[in-house]
Student: 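Okay, here's the structure, questions in a sec.
Each ligand, and each atom within it, is numbered from 1 in the order the structure gives.
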Amino acid sequence: MNSQSLFKQHFNYSAVSSSEAHGRVNLIGEHTDYNKGFVLPTLIEQKIEVSLSPRLDSKIVGISEEFGEKTVLSDSNTDGTWIDFVRGALYYMAKEGQLIKGLNIAVVSSIPTGSGLSSSAALEIAILRALCQMVGHELSSTKIAKIGQLIEHHFIGTFCGIMDQMSSSKSKFGQVLFLDCENLNTEIVPIFEDYTFIIIHSGSTRKLSEGLYNERKRETEIASKSLNISSLRHAEISDLNIIKDPKIFRRARHVITENVRVLKAVQFLKDNNAQAFGNLMNESHISMDKDYEISSPELNHIVKTAQSNGALGARLTGAGFGGCTVVLSSNTRRDDIIKKILEHCPKSYLVTNIGQNIAPSKNE
Ligand code: ADP
Ligand code: MG
């Protein structure tokens, strides 16, 4: 079902405005965005669609195919449910001079949630796009991304960087977005020709607002404070000797080495050097497992299985603590690698394949 049909079914009339936004997979550059570093995401075919109409009273009435019904007063306090995303969007639209009293909204999604594919950012961007369309207000894609991040910080409680929102708001299909999270400069890099990025879900999920993500962010803030710099973006490995706490040292080492890996990965992408790109993915996974401690036995098992069955590289993707892996394979090895992973990792499933000339793998 699409969001218009869900809206009509639930509210008994047609929505005035509809929009959508895609999820993303980050190819490399994890937990670097809130440290003002580099990331390399690309869109996935899975997306969130919203349809909405204004109300005359000051209620928000929401229906999400996945998260159910919810009715609240638009100026009431956050309650930890998905309707907080709508509350936040209305709050920031009002700051833009667009006061929207109440809203009926229907949400339909094909993005697995809590899986590192950024359903939350897609939801923010889709709602903001639909609201702008509804009231005839123009916002740039960067401004929409920034508002999405503010919603996440102040209405959800996840102190995320800007990658997910920028990716969902700015990227186009088949493009890789090289994003500098300090100045928001972007460069579009084409994806490999004869290789596929395979996205495999580990079968376990997590909720970012539950705290582990924010804990990692605090740890890196402690590291940059000890080094007397504004963010780890400006640190080098040789600076780390003065950090005495071994855990903080390891967290900082991940961020610093990961930034270097992203810069190399961009070059390897441009050079069509998938082998070297894959090696960086493998190194990135080790760093996330050992230094940043955001992997899980299931994620490690998928990564190992991929590597021992001919993948060029494999790593967890997204915030970690469950969720998805991204595996790089030649187009010829792809189907066999997928088969081996699904056979050996019982809870895992294929989310999508990304590459040039690849037909969508998911039935929508
Ligand atoms: P991720 O962004 O990696 O998927 P998060 O923990 O950041 O994971 O966000 C997941 C949250 O986003 C969900 O708990 C829910 O509040 C919201 N969300 C995602 N998809 C939907 C949907 N289809 N309907 C309503 N809320 C959604
Ligand atoms: Mg999220």
Student: Are any of the side-chain nitrogens in Arg315 or Glu258 under 4.0 Å away from the carboxylate oxygens of its partner?
Tutor: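 Here Arg315 pairs with Glu258 in a salt bridge, since their nearest N and O are under 4.0 Å apart.
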Student: Is there a polar contact, in the sense of an N or O pair closer than 3.5 Å, between Gly114 and ligand 1?
Tutor: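 Yes, Gly114 has an N/O under 3.5 Å of an N/O on ligand 1.
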Student: Any heavy atom of Gly318 sitting closer than 4.0 Å to ligand 1?
Tutor: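 It does not; every heavy atom stays at 4.0 Å or beyond.
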Student: Taking N or O atoms only and a 3.5 Å limit, does Thr113 qualify as a polar contact for ligand 1?
Tutor: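 No, no N or O pair falls under 3.5 Å.
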Student: Does Thr158 come within less than 4.0 Å of ligand 1, judged by its heavy atoms?
Tutor: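 The answer is no: ligand 1 sits nowhere under 4.0 Å from a heavy atom of Thr158.
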Student: Tell me which part of Ala122 gets within contact of ligand 1: side chain, backbone, both or neither, using heavy atoms under 4.0 Å.
Tutor: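 Near ligand 1, Ala122 shows nothing, with every heavy atom at 4.0 Å or more.
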Student: Examine Ser120 and say whether one of its N/O/S atoms is closer to the Mg ion (ligand 2) than 2.8 Å.
Tutor: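 Yes, since at least one N, O or S atom of Ser120 sits under 2.8 Å from the Mg ion (ligand 2).
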Student: Inspect the contact between Glu219 and Arg216 and indicate whether a charged nitrogen and a carboxylate oxygen are less than 4.0 angstrom apart.
Tutor: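 Result for this pair is yes, salt bridge flagged.
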Student: Got a sec, which residues hit side chain to side chain donor-acceptor pair (under 3.5 Å) with Ser231, two or more places apart in sequence or on another chain?
Tutor: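 Result, side chain to side chain donor-acceptor pair (under 3.5 Å) vs Ser231: none returned.
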Student: ring-ring contact (aromatic ring centres under 6.0 Å, His included): which pairs involve residues 219-242, sequence neighbours left out?
Tutor: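 Every pair satisfying ring-ring contact (aromatic ring centres under 6.0 Å, His included) with a residue in residues 219-242: there are none.
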Student: Atom 12 (O) of ligand 1: which of Trp82, Phe85, Tyr213 has the nearest heavy atom?
Tutor: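 Heavy atom nearest to atom 12 (O) of ligand 1 belongs to Phe85.
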Student: Is it true that a side-chain atom of Ser171 and a backbone atom of Ser167 form a donor plus acceptor pair closer than 3.5 Å?
Tutor: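 Answer holds: yes.
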Student: Please report whether ligand 1 has a polar contact with Ser64, defined as an N or O pair separated by less than 3.5 Å (distance criterion only).
Tutor: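 Yes; the residue has a nitrogen or oxygen that sits under 3.5 Å from a nitrogen or oxygen of the ligand.
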Student: Going by the atom numbers of ligand 1, which of them fall below 4.0 Å from some non-hydrogen atom of Val107?
Tutor: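 Numbered from 1, ligand 1 contributes 22 (C), 23 (N), 24 (N).
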Student: Determine whether Ile200 and Cys324 make a side-chain contact, defined as any pair of heavy atoms from C-beta on separated by less than 4.5 Å.
Tutor: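 When only atoms from C-beta onward are counted, Cys324 and Ile200 do not touch, as no gap falls below 4.5 Å.
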Student: For ligand 1, which atoms have a heavy atom of Gly116 less than 4.0 angstrom away?
Tutor: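 Contacts of ligand 1 toward Gly116, numbered from 1: 3 (O).
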Student: Answer yes or no: is there an ion pair linking Glu221 with Lys225, defined by an N-O contact shorter than 4.0 Å?
Tutor: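 No, this pair does not count.
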Student: Would you mind listing which atoms of ligand 1 come within a distance below 4.0 Å of any non-hydrogen atom of Ser109?
Tutor: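 Per the distance check, 23 (N).
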Student: Would Glu293 and Lys247 pass as an ion pair if we require N to O under 4.0 Å?
Tutor: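 Salt bridge: no.
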Student: List every atom of ligand 1 that sits less than 4.0 Å from any heavy atom of Glu66, numbering the atoms from 1 in the order shown and giving each element.
Tutor: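 Those of ligand 1 that fall under 4.0 Å from Glu66 are 23 (N).
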